[in-house]
Amino acid sequence: MEQQKQYVGIDLHRKRSVIVRRNAAGETVDTVRIDNDPLTLASELAKAGEHPEVVLEATYGWYWAVDVLEECGASVHLAHPLGNNWGRRRVKNDERDATDLVDLLRLGRLAEAWIAPPPLRELREYIRYRAKLVHQRTSLKAQVHSVLAKEGVRVPMTDLFGVRGHALLNEVHLGDAYRVRVESLRDLIEACDREITMLEEHIAPILAGDLGYQSVQTIPGVGPILASIFVAEIGDISRFSSARHLCSWAGLTPTHRESDEKVRRGHITKQGSRLVRWAAVEAVARQRADSPIRAHHRRVGERRGKQVGRVAAARKLLMLVYYGLRDGEIRCLAKTE
């Protein structure tokens with residue numbers, strides 16, 4: 001007798017998780033709470049038979065669980081935290097969360113997030129950690145400027161951390177507490193520089209032969225760093241049916257509320273990758289004065305305001321990124337060269 005397919009919902013937490021198994025008719029087969037461990041999770045999944053449909057939420061530390069489930073032959077679905085309507089339950093607990101997940105999957109109403117393959121997850125780890133280090137380095141540099149301002153030291157150069165700036169910091173006379181803080185900050189900045197360089201050495205070989213990575217850099221304002229962010233964060237471009245879908249995923253499209261004859265549009269959703277949005281806006285800021293995207297930025301900005309123009313230009317730039325990743329070239333840019 002052929003075994004009926006089972007659906008498994010997992011409410012994953014940091015230490016323990018709840019697993020609910022149901023059959024195709026919606027009848028609960030088993031509910032169990034386990035300590036998070038790969039062997040325990042695999043043994044519980046084995047009770048669901050061969051190739052069960054499994055769903056868990058894209059929550060803290062989901063990587064290991066997805067890898068274990070896929071190794072066990074399960075068809076894994078990752079629930080989007082913002083895309084599913086959980087309703088207004090009077091009782092909220094782990095068992096109800098897992099049950100709702102498995103029912104959404106069983107009924108075909110689950111809003112899914114994309115499961116990036118392990119190699120891409122590793123690349124993302126490099127890219128995101130580098131971004132965090134750059135952010136911390138910027139904060140450290142701002143603190144140095146702040147300390148000098150407290151002591152009334154004027155900084156005549158544009159880059160305090162260039163050759164002339166280092167000479168100034170070596171010679172300037174500060175109070176003991178200010179001097180100690182500046183020296184400490186400079187040591188931390190040097191450590192960040194070293195770690196950022198190390199990460200770039202790991203990233204470069206991974207992207208060396210990537211056609212999308214190379215083609216995206218033909219967009220004015222997009223260099224190796226921004227291109228690596230687009231490649232790592234966007235991942236498989238074929239999951240987007242059009243450039244507009246990519247812009248929507250990145251959170252660069254306005255909110256849309258429609259009922260009967262009433263249509264309301266608001267600010268951009270900002271629900272996608274924050275790093276992709278930052279990279280797109282940063283690339284707009286680096287545009288040449290005669291570039292089409294800069295012209296679009298200026299044209300929209302004159303009508304709608306500077307900030308709206310910047311977002312519109314970022315959306316236009318991200319559409320070029322889509323074609324670069326999809327085709328390995330950006331034909332509209334190739335024609336103008």
- Query: Hey, is R186 close enough to E190 for a salt bridge, meaning N to O under 4.0 Å?
  - Reply: no
- Item | Summary of salt bridge (Lys or Arg N to Asp or Glu O under 4.0 Å) pairs that have at least one residue in residues 296-325, sequence neighbours excluded | none
- Cation-aromatic face contact R121/Y63, 6.0 Å, 45 degrees: yes
- Task: Classify the side-chain pair H245/S242 by whether it contains a donor and acceptor separated by less than 3.5 Å.
- Result: yes
- Query: For the atom pair OH (Y7) and OG1 (T28), what is the distance rounded to the nearest 0.5 Å?
  - Reply: 14.5 Å
- Item | R294 and D290 ion-paired at < 4.0 Å | no
- Establish, yes or no, whether the cationic atom of R244 lies under 6.0 Å from the six-membered ring centre of W249 and within 45° of the ring axis. no
- Message: Using the side-chain contact (heavy atoms from CB on, under 4.5 Å) definition, which of the options V29, T99, L105 pairs with R22?
- Response: T99
Expected list for residues 8-15: side-chain donor-acceptor pairs under 3.5 angstrom, two or more places apart:
residue: D11; atom: OD2; partner: H13; partner atom: NE2; Å: 2.9
residue: H13; atom: NE2; partner: D94; partner atom: OD1; Å: 3.1

- Do any N or O atoms from the side chain of S184 and from the backbone of V180 form a donor-acceptor pair under 3.5 angstrom? no
- Message: Tell me if the CZ atom of R16 is crowded by more than 12 foreign heavy atoms within 6.0 Å.
- Response: no
- Can R179 and D176 be counted as an ion pair, charged N to O under 4.0 angstrom? yes
- Message: Around atom NE2 of H256, are there more than 12 heavy atoms from other residues, nucleotides or ligands closer than 6.0 Å?
- Response: yes
- Item | Straight-line distance of Y129 OH to L199 CG, nearest 0.5 Å | 6.5 Å
- Message: I'd like to know if the side chain of R124 and the backbone of A232 have a donor-acceptor N/O pair within less than 3.5 Å.
- Response: yes
- Would you call K150 and Y178 a side-chain contact if the rule is heavy atoms closer than 4.5 Å? yes
- Message: Using modelled atom types and a 3.5 Å cut-off, is there a donor and acceptor pairing between side-chain atoms of T197 and backbone atoms of D193?
- Response: yes
- Greater than 12 external heavy atoms within 6.0 Å of H145's NE2: yes
- In this structure, OH of Y213 is separated from CD1 of I203 (nearest 0.5 Å) by 8.5 Å
- Just wondering, are more than 12 heavy atoms of other shown residues or ligands nearer than 6.0 Å to CZ in F161? yes
- Going from CZ on R277 to NZ on K270, what distance comes out if it is rounded to the nearest 0.5 angstrom? 7.0 Å
- Query: Can any side-chain N or O of S291 pair as donor or acceptor with the backbone N or O of Q287 at less than 3.5 Å?
  - Reply: no
- Message: Can you confirm whether E151 is buried at CD, in the sense that more than 12 heavy atoms of other residues, nucleotides or ligands lie under 6.0 Å from that atom?
- Response: yes
- Task: Inspect the contact between K262 and D260 and indicate whether a charged nitrogen and a carboxylate oxygen are less than 4.0 angstrom apart.
- Result: no
- Query: Are the side chains of V18 and D97 in touch, meaning some heavy atoms are under 4.5 Å apart?
  - Reply: no
- Query: For E200, does the CD atom sit with more than 12 other heavy atoms under 6.0 Å from it, leaving out its own atoms?
  - Reply: yes
- Query: Between S273 and E233, do the side chains contain an N or O donor and an N or O acceptor separated by less than 3.5 Å?
  - Reply: yes
- Query: Where the side chain of Q214 meets the backbone of G209, is there a donor-acceptor pair that is under 3.5 Å apart?
  - Reply: no
- Euclidean distance, L317 CG relative to I293 CD1, rounded to 0.5 Å: 4.0 Å
- Note on the structure: Separation between NZ (K47) and CD1 (I19), nearest 0.5 Å, reads 8.5 Å
